[in-house]
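Everything below concerns the one structure shown next.
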Amino acid sequence: MKKIAIIGAGPTGVYTFYSLLKEAQTLEIAVFERGNKAGIGMPYSLSENNPMMLANIASIEVPPLFDTWLAWLQAQDDHYLAQYGVNKETLHQRQFLPRILLGDYFRAQFLQAVRHAQDRGFMVTLYESCEVTDVEATPAGVQLWTDQHTVPLHVDFAVIATGHVWPDEDESTRAFYPSPWSGLMEAKVPAVRVGILGTSLSGLDAAMAVAVQHGMFHETQESQVHFSLNKDSEALEITLMSRSGILPEADFYCPIPYEPLEYVTDEAIKREIDAGSTELLDRVFRLMQKELALADPKWAEQISLSSLDADSFPVALFADRAHSDPFEWAAANLKEVEANKRDKRTVAWRYTLLRLHEVVQDIVAHLDEKDSQRFSSGLARVFIDNYAAIPSESIRRMLALHKAGILRVLALGQDYEKEIKADRTEITTHNDRLTFDVFIDARGQKPLKTTDLPFPRLRRQLLSCGDAIPDVGDDYTLQAPENVRGRIAFGALPYLMHDRPFIQGLVACQEIGMAMARAVSKPASRLRRRLSLYDR
């Protein structure tokens, strides 16, 4: 049998394993998972999440395995669901539920896939609590070193699906956490001045993780949420901050699967790319203007869309939020979104932006340096804000913390300085200096480079040909150097974000997993264009 190794058993690894079951040939598959339970993945593990933290994806959007997430939930015991405040009778496919439940779903589906593979004659070995410490391509295949084996293991083909990469917990102190997933969930945070850098769902979740140590949320029958602070925690102050101080929108209603676009199609984007990098961003933005104007002419007229360009469009789009009290704007947006969900009403321009981001993403690797920077500081922010809209329940909890006098939002401006000291963190803006007793960096996953690879031998192999970013084909197999080509599929998301900045969702995990599974028996159809690395 052909020997396959899957390094990392989060969602990308699970979708890869599941896709391998479609291979005509039986395989010998070894799955390596650093955590103690394969199939869950860091974003959904019990150790990294509070039960109140919600997945910002509903069952209707989760690519199914043997069962949809909703069907799996409906088959679970009432008592199990009740632990997470979930009532089986009210479950529906557009509901936002605790991340831990999604992790349990992936774990159960993975174990079912293992049983199915074994029934078909596959040989499956599962290494849990096992860290792969090194990888090296050889003329005969791939060698792996782990912390459980005294000699390297040999396979014919290796899949790297290691997922998100966060700073180690030993980089955290009682005063500073380099990410919300670097020991924060287990830490006891005192009732002090807490600063959180980042106003997306990750920042809000960090705020919730701190707040529930000092009080309790209460929900009324009218879906109103209140927060009661413990008497001995009255000194607690939480500040969410970002350059703009803009809070995310609540998740909005729209048709799924997505309806096709009229102007910004895959074919149209390919034609623009083939026409060259000169003014590529502006040419594609003009296509976006036509798409948005067709979808929502009234809104297009309101923001004077025809007079905008790729740089002024983000300013116009965020203008209302930038000039409003953030919590008043959030409350109004929540009211609008909930009414639209009840009426099944789609806001056309929002839905159009949602469908645009994955198609427009294809131009990123082809932009020149100037336009690449323009895209990152402009349209990328628009797209991220749109597709990263968060559950209504998270907005309600945020508003409850603000009403309780605990939470505020701060716009830092484009130029600010951060100084991390042993017992505090100081933030200096153009007109203020702020001191926080506890500081949490919640800005999310940053793109990584070849030099960040945790596998020394593979890192040296890739750097030997000067690849600052791993060079992958359509099937995500590494393309260079020659002795690595076709032997390792590289689906580690942080290293793919340079030319695919919106790649982090579960749909991308499925797409990558399917492509890597195909690579076991079929070579890539074409080479992906390797991104020229600018200062990103």
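For reference, positions follow the sequence shown, starting with 1.
Between the side chain of Ser324 and the backbone N or O of Asp320, at least one donor-acceptor pair lies under 3.5 Å. The backbone N or O of Leu354 sits less than 3.5 Å from a side-chain atom of Asn386, completing a donor-acceptor pair. With hydrogens and angles disregarded, no donor-acceptor distance shorter than 3.5 Å links the side chain of Asn333 to the backbone of Trp329. Of the possible polar contacts, none joining the Asp311 side chain to the Gly378 backbone as a donor-acceptor pair under 3.5 Å is found. Side-chain atoms of Gln213 come within 3.5 Å of backbone atoms of Ala187 as a donor-acceptor pair (strictly under, hydrogens ignored). Between the side chain of Asp77 and the main chain of His79, a donor-acceptor pair closer than 3.5 Å is present. The backbone N or O of Leu305 sits less than 3.5 Å from a side-chain atom of Gln289, completing a donor-acceptor pair. Between the His214 side chain and the Ser233 main chain, no donor and acceptor come within less than 3.5 Å of each other. Under the 3.5 Å distance criterion, the side-chain polar atoms of Tyr44 are left unmatched by any main-chain donor or acceptor of Phe106. The main-chain N or O of Ser312 is found under 3.5 Å from a side-chain atom of Asp309 such that the two form a donor-acceptor pair.
Residues Ala400 and Phe217 share a closest heavy-atom pair of CB-CE2, 4.2 Å. When every heavy atom of Pro255 is checked against every heavy atom of Thr346, the shortest pair comes out as CD-OG1, 3.4 Å. Minimum heavy-atom separation, Pro494 to Lys446: CB-O, 4.1 Å. Closest heavy-atom contact between Ser242 and Thr199: OG-OG1, 3.5 Å. In plain terms, the two heavy atoms of Pro391 and Ala55 that are nearest each other are CG-O, 3.8 Å. Here the shortest heavy-atom pairing between Leu65 and Tyr18 reads O-OH, 3.2 Å.
No more than 12 heavy atoms of other residues, nucleotides or ligands sit less than 6.0 Å from atom CZ of Arg34. Heavy atoms from other residues, nucleotides or ligands lying under 6.0 Å from NZ of Lys421 number more than 12. Surrounding NE2 of His323 are at most 12 heavy atoms belonging to other residues, nucleotides or ligands under 6.0 Å away. Crowding of Glu186 atom CD: a count of heavy atoms from other residues, nucleotides or ligands under 6.0 Å exceeding 12. Dense packing is recorded around NZ of Lys88, with more than 12 heavy atoms of other residues, nucleotides or ligands lying under 6.0 Å away. Shown here is Glu301, whose CD atom has no more than 12 heavy atoms of other residues, nucleotides or ligands within 6.0 Å.
Side-chain polar atoms of Ser182 and Ser179 form a donor-acceptor pair below 3.5 angstrom. Side-chain N/O atoms of Thr429 and Asn431 include a donor and acceptor closer than 3.5 Å. Between the side chains of Arg355 and Thr352, at least one donor-acceptor pair of N or O atoms lies under 3.5 Å.
Under the 4.5 Å side-chain criterion, counting only non-hydrogen atoms from C-beta, Tyr495 is not in contact with Ile469. Side-chain contact check for Leu292 versus Trp299: some heavy-atom pair is nearer than 4.5 Å. Two residues are said to be in side-chain contact when any heavy atoms from C-beta on lie closer than 4.5 Å; Trp69 and Leu97 meet this criterion. Using a 4.5 Å heavy-atom threshold, the side chains of Phe375 and Leu367 count as touching. Using a 4.5 Å cut-off on side-chain heavy atoms (C-beta onward), Phe436 and Val192 make no contact. Put simply, the side chain of Val14 does not reach to within 4.5 Å of the side chain of Ile40, judged on heavy atoms. In this structure the side chain of Leu493 never reaches within 4.5 angstrom of the side chain of Thr162, judged on heavy atoms. Looking at heavy atoms from C-beta onward, Asn56 lies out of side-chain contact with Leu54 at the 4.5 angstrom threshold.
When ring centroids are compared, Phe313 and Phe285 come within the 6.0 Å threshold.
A salt bridge links Arg193 with Asp437: at least one charged nitrogen is closer than 4.0 Å to a carboxylate oxygen. A salt bridge does not link Glu33 to Lys37: none of the charged side-chain nitrogens sits closer than 4.0 Å to a carboxylate oxygen. Salt bridge absent: Glu336 and Arg342 never bring a charged side-chain N and a carboxylate O closer than 4.0 Å. With respect to the salt-bridge test (charged N to carboxylate O, under 4.0 angstrom), the residues Arg107 and Asp104 do not qualify. Salt bridge annotation for Asp423-Arg174: absent, with no cationic side-chain nitrogen under 4.0 angstrom from a carboxylate oxygen. A salt bridge links Glu338 with Lys341: at least one charged nitrogen is closer than 4.0 Å to a carboxylate oxygen. Ion pair Arg99/Glu48 not flagged as a salt bridge, since none of the NZ, NE, NH1 or NH2 atoms sits closer than 4.0 Å to an Asp/Glu carboxylate oxygen. Look at Glu419 and Arg433 and you find no salt bridge, because none of the NZ, NE, NH1 or NH2 atoms lies under 4.0 Å from a carboxylate O. Under the 4.0 Å criterion applied to side-chain N and carboxylate O atoms, Lys418 and Glu426 are not assigned as salt-bridge partners.
Under a cutoff of 6.0 Å and an axis angle of 45°, Arg500 and Phe502 do not form a cation-pi pair.
Here the CZ atom belonging to Arg408 is positioned 10.5 Å from the CG atom belonging to Leu240, to the nearest 0.5 angstrom. Note that OH of Tyr80 is 7.0 Å distant from CG of Leu73, once rounded to the nearest 0.5 Å. Put simply, CZ on Phe110 and CZ on Phe66 are 11.0 Å apart, with the number rounded to the nearest 0.5 Å. Distance check, rounded to the nearest 0.5 Å: CG of Leu334 to CZ of Phe327 gives 13.5 Å. Here the CD1-OG1 distance, from Ile512 to Thr12, works out to 5.5 Å after rounding to the nearest 0.5 Å. In this structure, CH2 on Trp349 lies 8.5 Å from CG on Asp296, to the nearest 0.5 angstrom.
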Under the side-chain contact (heavy atoms from CB on, under 4.5 Å) criterion, do Leu204 and Ile390 qualify, and how do the steps go?
-> CA-CA 10 Å; Leu204 290 176; Ile390 68 176; 3.2 Å; yes
Derivation of the side-chain hydrogen bond (donor to acceptor under 3.5 Å, both in side chains) call for Thr220 and His226 | CA-CA 8 Å; Thr220 68; His226 304 279; 5.2 Å; no
Begin from the C-alpha positions of Ile246 and Phe318 and carry the test side-chain contact (heavy atoms from CB on, under 4.5 Å) through to its verdict.
-> CA-CA 8 Å; Ile246 287 176; Phe318 290 124; 3.8 Å; yes
Evaluation steps, salt bridge (charged side-chain N to carboxylate O under 4.0 Å, His left out), between Asp452 and Lys449 = CA-CA 5 Å; Asp452 298 310; Lys449 303 176 185 178; over 6 Å; no
Where do Asp147 and Cys130 land on the side-chain contact (heavy atoms from CB on, under 4.5 Å) test, with the steps shown first?
-> CA-CA 6 Å; Asp147 59 2; Cys130 178; 4.0 Å; yes
side-chain contact (heavy atoms from CB on, under 4.5 Å) assessment of Leu70 paired with His92 | CA-CA 7 Å; Leu70 178 61; His92 59 85; 5.7 Å; no
